[in-house]
Amino acid sequence: ESKKIKNSAHIFANAMQEGFLKNVHIEQELRKAMAHHELFMVYQPQMDIKGSVYGVEALIRWNSPNLGLVPPNDFIPLAEASGLMPKIGRFIVETVCLEIQTLHKILQHLFQVSINISVRQFMDAGFLEHLLQTIEQTQLRSLSITLEVTENLFIEDVHALLPLLEQIKAMGIHISMDDFGTGYSSLSMLRKLPIDELKIDKSFVDEMFEDDAAQKMVQNIIAIGKNFGMHIVAEGVETKEQKELLSAFGCDRFQGYYFAKPLPKEDLLKFLQENSFTCNV
Ligand code: C2E
Ligand code: CA
Ligand code: CA
Ligand code: CA
């Protein structure tokens with residue numbers, strides 16, 4: 001019996017070790033990735049209720065010659081833990097501002113861009129200054145920018161965050177709450193914070209038709225957001241049926257494979273040239 005326990009402990013330790021080594025390996029590769037131009041941005045169109053594009057969400061991609069295409073869910077947490085995130089975060093902000101400003105120019109039309117900002121990134125002392133500097137250098141309109149933050153940001157001291165959020169708002173930058181309902185949120189927090197948009201997580205949209213609780217979550221998120229005068233974006237919309245039920249519940253913005261996958265900038269340009277878009281900025 002004790003030998004069995006010892007064995008399984010051994011197997012467990014090995015698995016841990018393998019996971020650890022794998023992460024160390026990924027981290028080493030990630031350190032090189034920026035210098036070697038392996039990181040790039042893709043953009044997923046976001047549609048309004050009339051079916052026009054109102055914006056795009058910027059999503060990072062890593063094409064590693066040694067590891068292949070590494071999903072952001074695998075390397076963003078590692079980047080955070082290893083202290084690489086501030087650098088990657090600056091790369092994201094600079095690349096997005098430059099590429100979107102270029103598209104605005106080519107298309108002679110403004111549209112929104114949402115940038116995911118991790119909690120660590122947001123709390124970083126130099127974050128806002130760098131953002132402002134980049135906006136100035138690229139001449140992207142700050143009104144075109146939305147920052148997507150997760151509700152876990154507000155586990156931190158909300159009162160300490162408020163001045164920063166107010167400053168961001170005062171510049172005309174929008175704030176979107178990502179993955180709403182999956183983390184630690186409180187309703188009083190919504191009342192206090194200058195949030196423009198709530199995002200319904202893909203997991204709720206996925207299960208909306210099979211799981212009554214998921215459907216109720218969706219309905220309630222929409223109702224809460226609307227009561228606070230916010231836009232509601234549903235993420236991960238893959239079917240017409242999902243889009244229609246979400247619309248019936250009062251959701252006014254949509255994003256998902258049903259409309260478009262995240263696209264490299266060249267394909268995004270084509271998509272935008274072939275679709276109508278609303279100018280809301
Ligand atoms: P998220 O912010 O919740 O992003 C939504 C994810 O759902 C994206 O995955 C997107 O590609 C995917 N998605 C959208 N519509 C559909 C759909 O209809 N079907 C399916 N199956 N998937 C859909 P992705 O790009 O792999 O990103 C995963 C997560 O990694 C993001 O979740 C976000 O938390 C993080 N992430 C991605 N890019 C960035 C970034 O530039 N900065 C930061 N800080 N985090 C990022
Ligand atoms: Ca997001
Ligand atoms: Ca997320
Ligand atoms: Ca999500």
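Whatever order the structure lists them in is the order used to number ligands and atoms, beginning at 1.
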**Message:** Would Arg191 pass as a cation-pi partner of Phe228, given that its NZ or CZ must be under 6.0 Å from the six-membered ring centre and within 45 degrees of the axis?
**Reply:** no
**Asked** If you stand at the Ca ion (ligand 2) and look out to OE2 of Glu57 and OD2 of Asp178, what angle do those two lines make, to 10°?
**Response** 170°
**Any Leu107 side-chain heavy atom under 4.5 Å of Leu269 side chain** = yes
**Request:** Give the atoms of ligand 1, by number and element, whose distance to some non-hydrogen atom of Asn73 is under 4.0 Å.
**Result:** 28 (C), 29 (C), 30 (O)
**Request:** Please work out which of Glu238, Glu148, Lys199, Met85 has its closest non-hydrogen atom nearest to atom 19 (N) of ligand 1.
**Result:** Glu238
**Item:** Subset of ligand 1 atoms that lie under 4.0 Å from at least one heavy atom of Gln121
**Value:** 44 (N)
**Item:** Arg120, CZ atom: more than 12 neighbouring heavy atoms under 6.0 Å
**Value:** no
**Message:** Under 4.0 Å, heavy-atom basis, I'd like to know which part of Arg61 is in contact with ligand 1: side chain, backbone, both or neither.
**Reply:** side chain
**Request:** Assess whether side-chain hydrogen bond (donor to acceptor under 3.5 Å, both in side chains) is satisfied between Gln139 and Gln101, documenting all intermediate values.
**Result:** CA-CA 7 Å; Gln139 298 194 302; Gln101 206 275 343; 5.1 Å; no
**Request:** Using the six-membered ring wherever Trp is involved, compare the ring planes of Phe254 and Phe259 and label them parallel, tilted or perpendicular (cut-offs 30° and 60°).
**Result:** tilted
**Item:** Side-chain heavy-atom pair Ser114, Leu147 within 4.5 angstrom cut-off
**Value:** no
**Vertex the Ca ion (ligand 2), rays to OD1 in Asn116 and OE1 in Glu148 - rounded to 10°** = 90°
**Message:** Taking 4.0 angstrom as the limit and counting only heavy atoms of Asp179, give me the atoms of ligand 1 inside it, by number and element.
**Reply:** 3 (O)
**Prompt:** Below 4.0 Å from any atom of ligand 1, is there a heavy atom belonging to Gly236?
**Reply:** yes
**Request:** Report yes if the distance between the aromatic ring centroids of Phe122 and Phe127 is under 6.0 Å, otherwise no.
**Result:** yes
**Prompt:** Going by the order shown, which atoms of ligand 1 are within less than 4.0 Å of some heavy atom of Glu57?
**Reply:** 2 (O), 4 (O)
**Asked** Can you pull the ring pair (Phe, Tyr, Trp, His ring centres under 6.0 Å) pairs that have at least one residue in residues 56-94, sequence neighbours excluded?
**Response** Trp62-Phe75
**Asked** Measuring to the Ca ion (ligand 2), does Ser114 have an N/O/S atom at a distance below 3.0 Å?
**Response** no
**Item:** Numbered atoms and elements of ligand 1 in range of Met41, under 4.0 angstrom, heavy atoms
**Value:** 41 (O)
**Request:** List the steps and the verdict of side-chain contact (heavy atoms from CB on, under 4.5 Å) for Val113 and Glu99.
**Result:** CA-CA 10 Å; Val113 62; Glu99 292 184 343; over 6 Å; no
**Request:** Report, in ascending order of atom number, the atoms of ligand 1 lying under 4.0 Å from any heavy atom of Pro262.
**Result:** 11 (O)
**Request:** May I have the angle between Asp201 OD1 and Glu235 OE2 with its vertex at the Ca ion (ligand 4), rounded to 10°?
**Result:** 90°
**Request:** Taking both backbone and side-chain atoms into account, decide whether Asp179 has an N/O/S atom under 3.0 Å from the Ca ion (ligand 2).
**Result:** no
**Request:** Verify the neighbour count for atom CD of Gln273: are there more than 12 heavy atoms of other residues, nucleotides or ligands below 6.0 Å?
**Result:** yes
**Request:** Within a distance under 4.0 Å of any heavy atom of Leu59, pick out the atoms of ligand 1 and give their elements.
**Result:** 4 (O), 10 (C), 11 (O), 25 (O), 37 (C), 38 (N)
**Prompt:** Is there any N or O on Gln44 that sits under 3.5 Å from an N or O of ligand 1?
**Reply:** yes
**For ligand 1, the portion of Asp178 having any non-hydrogen atom under 4.0 Å away** = side chain
**Any N/O pair Ile60/ligand 1 closer than 3.5 Å** = yes
**Prompt:** For ligand 1, which atoms have a heavy atom of Glu235 less than 4.0 angstrom away?
**Reply:** 1 (P), 3 (O), 4 (O), 5 (C)
Without placing hydrogens or testing angles, list every side-chain donor-acceptor pair under 3.5 Å for residues 242-251, not counting sequence neighbours.
unit_1 : atom_1 : unit_2 : atom_2 : d
Gln242 : OE1    : Glu238 : N      : 2.7
Gln242 : OE1    : Thr239 : N      : 3.2
Gln242 : NE2    : Val205 : O      : 3.4
Glu244 : OE2    : Lys240 : NZ     : 3.4
Ser247 : OG     : Lys243 : O      : 2.7

**Prompt:** Within the distance-only criterion (no hydrogens, no angle test), does the side chain of Gln121 pair as donor or acceptor with the backbone N or O of Ser118 below 3.5 angstrom?
**Reply:** yes
